Q: 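Supplied in structure tokens, the structure appears directly below.
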Amino acid sequence: MKLGLPVFMRTVTFRLALFQAALFAIFSLALRVFIYYATVGQVQSEADASADQEFTELVKVFQKDGYTALNQEVFERASSAGPTLYTLANPDGEVVAGDFGALPLTPAVGSQRTVFEYQAPQADGKLELNRARGRIGQLQANGPILLVARDMAASSAL
């Protein structure tokens with residue numbers, strides 16, 4: 001006795017239905033992947049644009065009113081709650097004001113976009129590794145170093 005496929009599985013109708021189901025599954029998966037990457041890309045673009053805008057505003061404060069005004073502005077912005085992180089350091093990298101006790105990375109000459117990880121304290125006292133995107137730069141030769149970044153922890157659920 002030969003054990004083969006049941007009769008209905010050998011029909012053209014069944015094979016076409018199976019093909020269409022496979023095709024639907026492939027397109028459905030492709031659509032999910034596209035939506036995921038489009039969403040992540042949008043969140044990252046918004047974070048970059050926000051950090052760039054804040055960085056530009058603070059550079060203008062420095063150019064117009066000097067280092068003391070910049071220090072005050074960074075202190076005030078870092079004191080407010082929100083996803084944006086600010087740090088001002090002297091040319092040697094020693095932090096003067098902001099959200100970090102030490103610069104999480106060393107800037108190159110000029111300003112540049114950056115992605116970095118840092119440890120953030122949680123409500124239970126434990127440290128959690130978070131990711132941030134932003135802009136860091138030295139505002140002039142032998143001048144202060146400014147870091148403005150957006151905490152991406154809220155978007156990590158994506």
Side-chain angles (χ1 to χ4, degrees), residues 19-158:
F19 174 74
Q20 287 178 344
L23 199 59
F24 176 78
I26 290 169
F27 280 118
S28 178
L29 178 64
L31 181 62
R32 286 176 181 229
V33 168
F34 170 76
I35 290 172
Y36 173 80
Y37 283 106
T39 303
V40 167
Q42 181 66 28
V43 168
Q44 290 176 348
S45 294
E46 287 175 3
D48 289 343
S50 173
D52 288 348
Q53 180 182 4
E54 293 283 322
F55 189 90
T56 302
E57 288 175 11
L58 290 170
V59 168
K60 288 179 183 176
V61 168
F62 176 69
Q63 291 171 343
K64 181 181 176 203
D65 300 323
Y67 180 76
T68 305
L70 175 63
N71 186 11
Q72 181 65 31
E73 191 69 27
V74 168
F75 178 79
E76 288 174 7
R77 291 184 186 200
S79 298
S80 65
T84 307
L85 305 166
Y86 303 90
T87 300
L88 178 65
N90 64 23
D92 299 328
E94 182 183 337
V95 172
V96 177
D99 292 304
F100 297 111
L103 284 175
L105 61 149
T106 305
V109 176
S111 74
Q112 64 193 31
R113 278 211 175 111
T114 184
V115 177
F116 61 94
E117 293 181 340
Y118 69 98
Q119 291 187 336
Q122 300 304 304
D124 60 1
K126 294 182 180 176
L127 293 177
E128 181 179 78
L129 195 62
N130 286 354
R131 173 168 265 182
R133 300 177 64 87
R135 183 165 290 281
I136 187 169
Q138 195 158 13
L139 302 185
Q140 64 186 24
N142 286 330
I145 299 168
L146 178 63
L147 168 67
V148 178
R150 186 81 173 218
D151 184 356
M152 300 302 288
S155 0
S156 66
L158 294 175

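Note that the structure is predicted; figures quoted are calculated from it, not measured.
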Q: Can you name the residues that form a side chain to side chain contact (heavy atoms under 4.5 Å, CB included) with Tyr67, not counting sequence neighbours?
A: Phe62, Leu88, Val96, Pro144

Q: Does the side chain of Arg77 reach to within under 4.5 Å of the side chain of Leu58, using non-hydrogen atoms?
A: yes

Q: Locate the shortest heavy-atom distance separating Gly143 from Pro91; write the atom from each residue and the value.
A: O-CG, 3.3 Å

Q: Rounded to the nearest 0.5 Å, how far apart are CD1 of Ile145 and CD of Gln138?
A: 5.0 Å

Q: Test your reading of the model: is there a side-chain donor-acceptor pair from Asp92 to the backbone of Glu94, 3.5 Å cut-off?
A: no

Q: Heavy atoms only: give me the nearest Ala51-Gly134 pair and the separation to one decimal.
A: CB-CA, 3.7 Å

Q: Using atom types as modelled and distance alone, determine if a side-chain donor or acceptor of Asp99 lies under 3.5 Å from a backbone N or O of Tyr86.
A: yes

Q: Please list, chain by chain and in numerical order, all residues satisfying side chain to side chain contact (heavy atoms under 4.5 Å, CB included) with Leu31, sequence neighbours excluded.
A: Ile35

Q: List the steps and the verdict of side chain to side chain contact (heavy atoms under 4.5 Å, CB included) for Val59 and Leu139.
A: CA-CA 7 Å; Val59 168; Leu139 302 185; 3.6 Å; yes

Q: Taking it one step at a time, do Ile136 and Gln112 satisfy side chain to side chain contact (heavy atoms under 4.5 Å, CB included)?
A: CA-CA 6 Å; Ile136 187 169; Gln112 64 193 31; 3.9 Å; yes

Q: If you take all heavy atoms of Ala132 and Leu85, which pair is closest and at what distance?
A: CB-CD1, 4.2 Å

Q: Considering non-hydrogen atoms only, spot the tightest contact between Leu146 and Phe55 and give its length.
A: O-CE1, 3.4 Å

Q: Drop me the distance from Glu73's CD to Lys60's NZ, to the nearest 0.5 angstrom.
A: 13.0 Å

Q: Once you round to the nearest 0.5 Å, how far does CZ of Arg133 lie from OG of Ser45?
A: 7.5 Å

Q: How close do Thr84 and Ser50 get, heavy atom to heavy atom, and via which atoms?
A: OG1-OG, 4.5 Å

Q: Could you tell me if the side chain of Thr114 sits less than 4.5 Å from the side chain of Pro104, heavy atoms only?
A: no

Q: To the nearest 0.5 Å, what is the distance between CG on Leu103 and CG on Asn90?
A: 9.0 Å

Q: Could you measure the distance from the CD atom of Gln63 to the CG atom of Leu70? Nearest 0.5 Å is fine.
A: 10.5 Å

Q: Please round to the nearest 0.5 Å and tell me the distance separating atom CE of Met152 and atom CZ of Arg131.
A: 9.0 Å

